[in-house]
Amino acid sequence: MQFRQVQGMHDILPEQVGRWQRLEATFRRVVEAHAFSELRTPLVEPTALFVRSIGDATDIVEKEMFVLEREGESLALRPEGTASAARAFVEHAVHAREPVTRWYYLGAMFRAERPQRGRQRQFHQAGCEVYGDPGPWVDAELMELVLTFLREAGCPELELHVSSLGGPETRARYRDALVAHLTPRAAALSETSQRRLATNPLRVLDSKDPADQAVVAGAPSLLDLLEGDDRAHWDELLASLDSLGVPYVVDPALVRGLDYYTRTLFEVRSSAGGLGAQNTLVGGGRYDAMIGELGGPPVPAIGFALGLERLLLATEGAPAPTGRPRCFVAPLGARARREALGLARELRASGAVVEVDTRGGSLKSLLRRADSLGSRLCLVLGDGELDRGVVQVKDLASHERADVPRGALVEDVRRRLAGAPGSPE
RNA sequence: GUGGGUGUAGCUCAGUGGUAGAGCACUGGAUUGUGGCUCCAGGUGUCGCGGGUUCAAUUCCCGUCACUCACCCCA
């Protein structure tokens, strides 16, 4: 009986891990430069947390959560990161310690959807959350951060979409206006849209169904209804983006599938090949009411999340990162193999990356192995070298060979590796 | 949940009603301790699984499972 990876969940083999590490390092560097600190939360939360924050009429909560029932309590594998971070923010009363909190996270999320290109059941997101700043300037800063990161990650062909849902009052007014517009035309809507008209009318807006789009085309735009502070927030956000020189598309049809958003909403899409139908790289927005709804103080918040797998798909063509230069130790015979282990220890202590052959084989096969590993150096250690107290250092790139006395070996290797491509220096 | 596509060596795939191949990869060798190129040699497959038709099925039919792409929705 062989076992397989669970549907929609994938191993990431070492040959791919280099790209992941580089991406994660880039993300950390950019967000830390923006003064964000890392938050780590459990992968499992009370199911009710997600129901409360994401919304009970959303697809995520309705059908996509991995739920574990355990001794009367219902737990769920986190489908996204914002709810957990908000829970942690409230639970630790972080608002009482600092006026503004800037957190970032990186990790696995779980949604029981049908997998396809750019969509998995276990996937990875990186995201940022800011608590305690009502915006709109921080909203613009976050978008700038996202685009800076994507650019540094080597992601091409980006499009930033922005919109605003307004505050609760505007949203309620718009909801009424939309329902008033759609209800007489309900017969022309698709089945799911008819259902959503009752449960979550805003979601009808981003239906891809052609019939729905025709009906929606004549609907009023929420952006036109923005008034007062909502309008000022929106205008100032756009002015800030203009001032930053960040290109964007105002997209009134942008309606995120999570219920908790208020005012600012944004999304980054890419037309990069390799992405397939799932071309949304980043989704984010403001959720000023959530902290209060989770039992915390009325602290405004905004955040975004980006999908690492999708980003990797979008940057597929980029060259894989090269690891640190390696050194291969090729001992010939039992005596040399014994000696080689200590040699390798010394070299590693000096910072080198060393693989030592412990299996035996002809020198030819060992050199072949050293070469296929991409080693920079091969240290040949046979009876002749042992008797003379030297090690033959072979440079695989230049073919140069040199007998180096044991005592000078570590320094010699360090010097040679330092000049090699991929070395930290 | 719905629809399409695909399941043959480790990987990418070809192929035929008479129990199967290529390339890559891997291992060894091309005069005894010097790799990358080239050449030679070598091994492996329940042809996804179950059933049916047939003298005979990997090849035809049915079912099933898996993977995959798309819809829905989302990162």
Side-chain angles (χ1 to χ4, degrees), chain A residues 2-8 10 13 15 54 57-64 78-82 105-127 146 150 190-193 195-196 200 203 206-210 212 254-258 266-270 275-285 303-314 328 330-333 336 359 361-386 392-401 403:
Chain A
Q2 271 200 37
F3 294 100
R4 310 171 44 85
Q5 43 190 9
V6 169
Q7 182 186 39
H10 299 291
L13 296 177
E15 65 216 53
I54 298 171
T58 59
D59 283 359
I60 292 179
V61 167
E62 273 183 355
K63 58 186 189 189
E64 296 173 4
R78 63 182 185 192
E80 55 111 47
T82 298
Y105 60 85
L106 216 49
M109 306 293 162
F110 302 83
R111 290 184 200 172
E113 301 178 273
R114 191 71 155 256
Q116 71 185 72
R117 188 169 195 80
R119 159 182 301 156
Q120 300 172 201
R121 292 187 155 192
Q122 175 176 335
F123 59 106
H124 298 79
Q125 285 189 337
V146 164
L150 291 173
S190 67
E191 206 175 304
T192 46
S193 286
R195 187 170 55 82
R196 289 214 175 96
N200 198 347
R203 297 293 311 291
D206 69 343
S207 169
K208 283 181 197 160
D209 188 292
D212 290 350
L254 182 61
V255 178
R256 318 235 74 259
L258 287 61
F266 67 103
E267 198 168 285
V268 179
R269 299 174 192 165
S270 168
L275 262 182
Q278 307 304 319
N279 64 348
T280 301
L281 254 28
V282 185
F304 70 84
L306 57 91
L308 263 24
E309 280 85 358
R310 287 186 188 176
L311 196 42
L312 254 4
L313 286 174
F328 189 85
L332 304 170
R359 300 183 311 165
S362 65
L363 178 60
K364 178 198 286 262
S365 68
L366 296 188
L367 277 166
R368 235 178 231 172
R369 168 107 182 120
D371 187 59
S372 72
L373 286 169
S375 305
R376 171 72 187 194
L377 298 177
C378 185
L379 308 193
V380 180
L381 188 60
D383 288 337
E385 284 80 7
L386 286 173
Q392 183 192 99
V393 178
K394 173 158 187 169
D395 185 310
L396 280 293
S398 70
H399 300 254
E400 179 198 347
R401 294 187 234 164
D403 280 347

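Naming: A, B, ... by sequence-line order, numbering from 1 per chain.
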- Message: What contact category does A:Q7 fall into here, base, sugar-phosphate, or nothing, at under 4.0 angstrom with non-hydrogen atoms?
- Response: sugar-phosphate

- Message: Between B:G35 and B:A30, how many Å separate the two P atoms, rounded to a whole number?
- Response: 11 Å

- Task: Look up atom NZ in A:K63 and atom OG1 in A:T58, then write down how far apart they are to the nearest 0.5 Å.
- Result: 10.5 Å

- Item | Short side-chain to backbone donor-acceptor contact, A:Q120 and A:P115, under 3.5 Å | no

- Which of these nucleotides, B:C69, B:A75, B:G35, is closest to any side-chain atom of A:E113? B:A75

- Nucleotide-resolved protein contact map, nucleotides 28-34 of chain B, B/S/- at heavy-atom distance under 4.0 Å: S-B--BB

- Item | Inter-nucleotide P distance (B:A22, B:A57), Å rounded | 25 Å

- Message: Looking at every heavy atom in both A:Q116 and A:A277, which two are closest together, and how far apart are they?
- Response: NE2-CB, 4.1 Å

- Message: Rounding to an integer number of Å, can you tell me how far A:L306 CG sits from B:A75 C1'?
- Response: 8 Å

- Task: Mind checking which stems touch RNA chain B? I mean at least 3 consecutive Watson-Crick or G-U pairs, both distances under 3.5 Å.
- Result: B:1-7 with B:65-71, B:10-13 with B:21-24, B:26-30 with B:38-42, B:48-52 with B:60-64

- Tell me: CD1 of A:I54 to P of B:C73, nearest whole Å? 17 Å

- Message: Tell me the interatomic distance from A:R121, atom CZ, to B:C67, atom P, rounded to whole angstroms.
- Response: 9 Å

- Query: When you measure from the side chain of A:Q116, which nucleotide among B:A75, B:C69, B:C67 comes out closest?
  - Reply: B:C69

- Message: Nearest 0.5 angstrom please: A:L281 CG to A:R269 CZ, how far?
- Response: 11.5 Å

- Rounded to whole Å, the CG-C1' distance (A:L308 to B:C74) equals 16 Å

- Given that A:A397 and A:G307 both sit by RNA chain B, which one's nearest nucleotide is further toward the 5' end? A:A397

- Item | Distance in angstrom units between A:R310 CZ and B:C69 P, rounded | 12 Å

- Item | Test item: side-chain donor near acceptor, A:H10 and A:Q122, under 3.5 Å | no

- Message: Quick check: closest heavy atoms across A:F266 and A:G303, and the distance to 0.1 Å?
- Response: CE2-O, 4.2 Å

- A:R114 atom CZ is separated from B:A75 atom C1', nearest whole Å, by 20 Å

- Item | Closest heavy-atom pair and its distance - A:F328, A:S375 | CB-OG, 3.6 Å

- Query: Considering only the C1' atoms, how many Å lie between B:U44 and B:U8, rounded to the nearest integer?
  - Reply: 14 Å

- Query: Is A:L396 touching bases, backbone alone, or none of the nucleic acid, heavy atoms closer than 4.0 Å?
  - Reply: base

- Message: Using every non-hydrogen atom in the two residues, find where A:L366 and A:A330 come nearest and quote the distance to one decimal.
- Response: CD1-CB, 3.7 Å

- Is there a donor-acceptor contact under 3.5 Å from the side chain of A:R121 to the main chain of A:E113? yes

- Message: Let's test your reading of the model: under 3.5 Å, does the base of B:C67 pair with the side chain of A:R4 as donor and acceptor?
- Response: no

- When you compare B:C61 with B:U16, how far apart are their P atoms, in angstrom units rounded to a whole number? 14 Å

- Message: Tell me the interatomic distance from A:L254, atom CG, to B:C74, atom C1', rounded to whole angstroms.
- Response: 12 Å

- Sugar-phosphate only, base, or nothing, as touched by A:A370 at under 4.0 Å among non-hydrogen atoms: nothing

- Atom P, compared across B:A25 and B:U38: separation rounded to whole Å: 9 Å

- Taking the side chain from A:R111 and the backbone from A:I60, do they hold a donor-acceptor pair closer than 3.5 Å? no

- Task: For nucleotides B:C26 and B:G10, find the distance between their C1' atoms and express it as a whole number of Å.
- Result: 9 Å

- Query: Which pair of heavy atoms, one from A:L313 and one from A:R117, lies closest together, and at what distance?
  - Reply: CD2-NH2, 3.8 Å

- Message: Using whole Å, what does the distance between atom P of nucleotide B:A75 and atom CZ of A:R78 come to?
- Response: 15 Å

- Query: How far, in whole Å, is B:A70 from B:G29 if one measures between their P atoms?
  - Reply: 48 Å

- Note on the structure: On RNA chain B, more 5' by nearest nucleotide between A:A305 and A:S375 is A:S375

- Query: On a whole-Å scale, what distance lies between the P atoms belonging to B:G5 and B:C60?
  - Reply: 15 Å

- Would you classify A:R117 as touching base, sugar-phosphate or nothing, given that sugar-phosphate means primed atoms plus P, OP1 and OP2, and contacts are heavy atoms under 4.0 Å? sugar-phosphate

